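The structure appears right after this line, and notes come after that.
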Amino acid sequence: MENKLIEKVVEGLKHLYSADVDEKQVQIQKTRKEFDGDLTVVVFPFLRASKKGPEQTAEDLGGFIQENVDEVEAFNVVKGFLNFSISKKYWLDVFSNISDQIDYGFQADSGKTIMVEYCSPNTNKPLHLGHLRNNFLGYSVANILKANGHNVVKTQIINDRGIHICKSMIAWQKFGEGETPESSGLKGDHLVGKYYVEFDKAYKVEIARLIEEGMEKAVAEKEAPIFKEAQSMLLKWEEGDAEIRVLWAKMNQWVYDGFDVSFKTMGVDFDELYYESDTYLLGKDVVAQGLAKKEFYQKEDGSVWADLSHTKLDDKILLRSDGTSVYMTQDIGTAIERYKKHTGLSGLIYTVGNEQNHHFKVLFTILEKLGYSWAEGCYHLSYGMIELPEGKMKSREGTVVDADDLMEMIVADAKAMTQERGHLDRMSEKEREELYSLIGLGGLKYFLLKVDPKKGMVFNPAESIDLNGNTGPFIQYAHARIQSLLAKAESLGFSKQYENVEINSKEQELIKLMNDYPSVIKEAGKLYSPAIIANYIYELVKEFNNFYQTVDILREEDVQKLAFRLCLSEMVAKVIKSSMLLLGVDVPNKM
RNA sequence: GGCUCCGUAGUUCAACUGGAUAGAAUGGCAGAUUUCGGCUCUGCUGGUUGGGGGUUCGAAUCCCUCCGGGGUCACCA
């Protein structure tokens, strides 16, 4: 419809003023609620062509369009805005068209493959609140890209080596007394995290002692015996020392087992895993080649740098003077590796916090400099930090919010809330437990995803499972109610067959909103933003609640209308479910 | 210090990427329905869009400049 209007506007301008206006000049938008009409054309850009005032131009154009477009029943002009009312018949046709599409809103196969990286944990401690946003975001964006017709490869790179890993290992050796997840009953990642904290404690004690003995703080930090032990362990690891490698493999496995449980609770998964222990040497040869081709330069001390003076970025070190690589080096290597493995990959999305904005800007610049044309398909899906209502939470200050604890807590809250007001009578114990986690985690996910990813946000646990407001449970509730309505209709033997009905304005609003669904999916895919989906669902649900409140459904006497309203409600439920699934949130039929 | 992102009702977020009188939710207040699900709905309250300047038919959005906040610029990972 919008395309048709654009076409006719261009035609109309030509006819009326013999002016040629490019289609791109024509802005069509949905008419705001305060005004009459469905679609609005902004006429300001045409004033130069018409040589008339905005009102007059709009009147002229409106007349032409009404004449020439059957579906346009009426128009009105407010300032420079031309509002068109589209016929009810048209909207009814739209509805019958969309209601029998199976994957309504989803785009056809694009033939493109896009890789989405998210999570990317360290194996020395459990996941925290920030990881939740990361995982939900990455997983949802992957879903959204799939809905846009792309083939998606979900991946993560696991930071399984390095000095921080050695720290947990040292502490476990020293203080662990052979403790295992089995013997302690602790989840593997929590157990390893515990020793990471142990290391830090011991380290601080040693530093304090050295300072007391008259050492400078900076020196003490490097001279502390336990720190030196960790360093020498790292060297041994790199040499492939058998004993260290066995310990390393054992402790990492504990962590992986723990993570698997967390991933399952979160409802996320991956298609392909990368381990830093396999990739950390990648990129060195690329840097060497770049140096030979004079794309990089070497300083006197032997370190290798990328010259980024053509941008506003500072030069970046790629190899240390001792020839070892830095993070950037392996990121370069890994990106190249991925494009080799997936030939024709048309996008690589990194879901990483915004503190790394600079890092990725540099990475992409260097890849471009090296002449990889695919670098423009790389995208840093950057997201802001989460704060709690009480104040900031930062991972270094020890006030980290553990992901597992948080999820457990929120499910417990959901349980309490649901038991208080839920309709659980006919549910088995298993169904109930599933429902609690559906509500708790659904609320959590929705809350974290409804905000524009780029922005920082405040997470309020209590609010996230509130049944009122822009929350997951509010939407789940609406869905459950529609299902219950449909079930009741069926038990009463109402038909869902209708021929011709006159639709009212509430129904028309709902159809218009559902008609937007495909373009919302496109928009969300273009901007990598689940928030766009979330806000759309909320709009739809509010509109439905409004309809539900003001229009009788089961009490309607006209069987045609009743049947139509059932179909309409059913379709709303379908769109709710489909769009919530894009966020990774399932919706119950009863709650 | 250089670069960069951000600042919107008391609070949490929107604003179709330059469009109409900046909208929701929550909170508070006042009502309606109390039936297909305990819910839901309506109204009121609340804003110098951090301040100032500019660009134009039109600015929360673009430019400049201050103020305030975050991030980053490691031979750390």
Side-chain angles (χ1 to χ4, degrees), chain A residues 27-35 40 42-45 47-48 53-54 78-81 83 122 124 159 161-165 167 234 276 280 299 301-305 311-327 330 353-359 361-362 382 384-385 387 389 392 420-423 447 450-452 454-460 463-464 466-471 474 477-478 480-489 492 516 519-520 523 526-527 531-532 534-536 538-539 542 544-550 552-556 569 590-591:
Chain A
Q27 296 177 51
I28 306 264
Q29 49 192 261
K30 290 194 290 172
T31 304
R32 297 177 64 134
K33 282 215 172 144
E34 315 89 273
F35 305 98
T40 295
V42 183
V43 301
F44 289 111
L47 300 185
R48 203 178 304 166
V78 182
K79 293 185 187 170
F81 297 88
N83 304 321
N122 291 327
N124 62 336
N159 300 299
R161 49 133 252 139
I163 189 81
H164 54 298
I165 310 295
K167 288 178 180 175
L234 180 59
E276 197 196 324
Y280 80 108
K299 286 192 179 171
D301 62 7
S303 55
V304 178
W305 296 71
T311 65
K312 283 181 173 177
L313 304 164
D314 294 323
D315 286 9
K316 176 69 195 175
I317 189 164
L318 298 175
L319 288 179
R320 299 184 184 112
S321 51
D322 63 5
T324 55
S325 55
V326 294
Y327 241 50
Q330 64 162 304
N354 63 6
E355 68 272 11
Q356 300 220 35
N357 283 354
H358 180 259
H359 176 84
K361 221 181 265 180
V362 172
S382 161
M385 209 171 57
E387 289 172 23
K392 298 186 180 181
E420 199 175 304
R421 51 176 103 184
H423 299 252
F447 201 92
K450 75 177 177 183
V451 179
D452 183 352
K454 288 195 290 285
K455 292 189 166 184
M457 67 174 299
V458 176
F459 171 62
N460 185 333
E463 212 174 285
S464 73
D466 195 333
L467 220 42
N468 292 312
N470 188 359
T471 66
F474 174 72
Y477 191 87
R481 208 170 43 184
I482 293 175
Q483 293 306 339
S484 143
L485 171 71
L486 293 172
K488 178 137 191 173
L492 292 173
D516 290 338
S519 61
V520 169
E523 184 77 3
K526 209 170 77 187
L527 300 176
I532 290 176
N535 286 323
Y536 168 76
Y538 182 55
E539 282 302 313
K542 268 199 302 185
F544 180 80
N545 283 341
N546 192 311
F547 160 78
Y548 179 85
Q549 170 71 18
T550 47
D552 287 332
I553 300 176
L554 297 183
R555 286 190 301 201
E556 172 61 49
S569 303
K590 287 189 263 180
M591 71 182 270

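Just so we're clear, the structure is a prediction, and the values are computed from it rather than from any experiment. Every heavy atom of this structure was used, including side-chain atoms; hydrogens, water molecules and symmetry mates were not. Proteins come first, then strands; the chains are lettered A, B, ... in the order of their sequence lines, and each starts at number 1.
- A/N535 places a side-chain N or O within 3.5 Å of a backbone atom of A/A531 that can act as its donor or acceptor partner.
- The closest donor-acceptor contact from the side chain of A/K450 to the backbone of A/N470 lies under 3.5 Å.
- Whole-Å rounding puts the A/E355 CD to B/C6 P distance at 16 Å.
- With the nearest nucleotide of RNA chain B identified for both A/S325 and A/D314, A/D314 has the one nearer the 5' end.
- Separating the CZ atom of A/F44 from the P atom of B/A59 is a distance of 11 Å, rounded to the nearest angstrom.
- Residue order along RNA chain B, read from the 5' end via each residue's closest nucleotide, puts A/V78 first among A/L47 and A/V78.
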Expected rows: protein N/O vs nucleotides 13-18 of chain B N/O, under 3.5 Å:
from  : atom 1 : to     : atom 2 : distance (Å)
B/C13 : OP1    : A/V458 : N      : 2.6
B/A14 : OP1    : A/D452 : N      : 2.6
B/A14 : OP2    : A/K455 : NZ     : 3.1

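- Across B/C6 and B/A60, the matching C1' atoms stand 13 Å from one another, rounded to whole Å.
- Here, B/U4 and B/C64 have their P atoms 10 Å apart, quoted to the whole Å.
- Taking atom P on both B/U8 and B/U35, the two are 44 Å apart, rounded to the nearest angstrom.
- Comparing the C1' positions of B/U17 and B/A59 gives a spacing of 13 Å, expressed to the nearest Å.
- Judged purely by atom type and a 3.5 angstrom limit, A/T550 uses its side chain to pair as donor or acceptor with the backbone of A/N546.
- Listed by residue number, A/A480, A/R481, A/S484, A/L485, A/K488 are the residues of residues 480-489 of chain A with a heavy-atom contact under 4.0 Å to RNA chain B.
- For the pair A/V43 and A/F81, the minimum side-chain heavy-atom distance is 4.5 Å or more.
- Closest to the A/N468 side chain, of the nucleotides B/U40, B/A77, B/C73, is B/U40.
- Backbone-only contact: A/F474 has heavy atoms under 4.0 Å from sugar-phosphate atoms and none from a base.
- As rounded to whole Å, 14 Å separates atom P of B/U12 from atom CE of A/M385.
- A/R48 comes within 4.0 angstrom of nothing in the nucleic acid, heavy atoms only.
- Contact record, A/L47 with A/P54: CD2-CA, 3.6 Å, taken as the closest heavy-atom pair.
- What separates CD1 of A/I165 from P of B/C76 is a distance of 17 Å, to the nearest Å.
- Put simply, the side chain of A/N122 never gets that close to the backbone of A/N124: no donor and acceptor are under 3.5 Å apart.
- B/G19 and B/C36 are spaced 42 Å apart, taking the C1' atom of each and rounding to whole Å.
- Rounded to whole angstrom, the span from the CD1 atom of A/I317 across to the P atom of B/A77 amounts to 11 Å.
- Taking atom P in both B/U72 and B/U65, one finds a spacing of 25 Å when rounded to whole Å.
- At a cut-off of 3.5 angstrom, the base of B/A25 holds no donor-acceptor pair with the side chain of A/T471.
- What you find for A/E276 and A/Y327 is that their closest heavy atoms are OE1-OH, 4.0 Å.
- Shown here, B/U4 is classed anti by the O4'-C1'-N9-C4 or O4'-C1'-N1-C2 angle, which is more than 90° from 0.
- In plain terms, the two heavy atoms of A/L234 and A/R161 that are nearest each other are CD1-NH1, 4.5 Å.
- Using a 4.0 Å heavy-atom distance criterion, A/Y538 is classed as a sugar-phosphate-only contact.
- Base contact: A/N83 has a heavy atom under 4.0 Å from a base atom.
- Among the nucleotides B/U4, B/G37, B/U72, the one closest to the side chain of A/K361 is B/U4.
- Taking atom OH of residue A/Y548 and atom C1' of nucleotide B/C41, one finds them 12 Å apart after rounding to whole Å.
- Contact check for A/R481 versus A/N545: side-chain heavy atoms found under the 4.5 Å cut-off.
- Listed here is the closest heavy atom pair of A/S382 and A/N357: OG-OD1, 2.9 Å.
- Between the side chains of A/D466 and A/T471, not a single donor N or O lies within less than 3.5 Å of an accepting N or O.
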Kindly express the pairing pattern of RNA chain B in dot-bracket notation, using | wherever a base pairs with another strand and counting only Watson-Crick or G-U pairs under 3.5 Å.
-> (((((((..((((.....[...))))((((((.......))))))....(((((..]....))))))))))))....

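- If you take atom P in B/U11 and the same atom in B/G47, they sit 12 Å apart, rounded to whole Å.
- Taking the six-membered ring for Trp and the full ring otherwise, the centers of A/F474 and A/Y477 sit at least 6.0 Å from each other.
- Both thresholds, 5.5 Å between centres and 30° between ring planes, are met by A/F35 relative to the base of B/A20, so the two rings are stacked.
- The backbone N or O of A/I482 lies less than 3.5 Å from no partner atom in the side chain of A/S569, so there is not a single donor-acceptor pair.
- In this structure, A/K542 reaches the sugar-phosphate backbone alone: every heavy-atom distance under 4.0 Å involves primed, P, OP1 or OP2 atoms, never a base.
- In this entry the distance linking CG of A/D466 with C1' of B/A24 reads 15 Å, nearest Å.
- When rounded to the nearest whole Å, the span between NZ of A/K312 and P of B/G71 equals 22 Å.
- Counting heavy atoms from C-beta outward, A/F44 and A/Q27 have side chains that stay 4.5 Å or more apart.
- Rounded to whole Å, the separation between the C1' atoms of B/G70 and B/U26 comes to 26 Å.
- Put simply, A/Y327 rests on the base of B/A77: the two rings are less than 5.5 Å apart at their centres and nearly parallel, under 30°.
- Among the protein residues, A/T40 comes within range of the nucleic acid bases, having at least one heavy atom under 4.0 Å from a base atom.
- Across all strands shown, A/N546 has heavy atoms under 4.0 Å from sugar-phosphate atoms exclusively, and none from any base.
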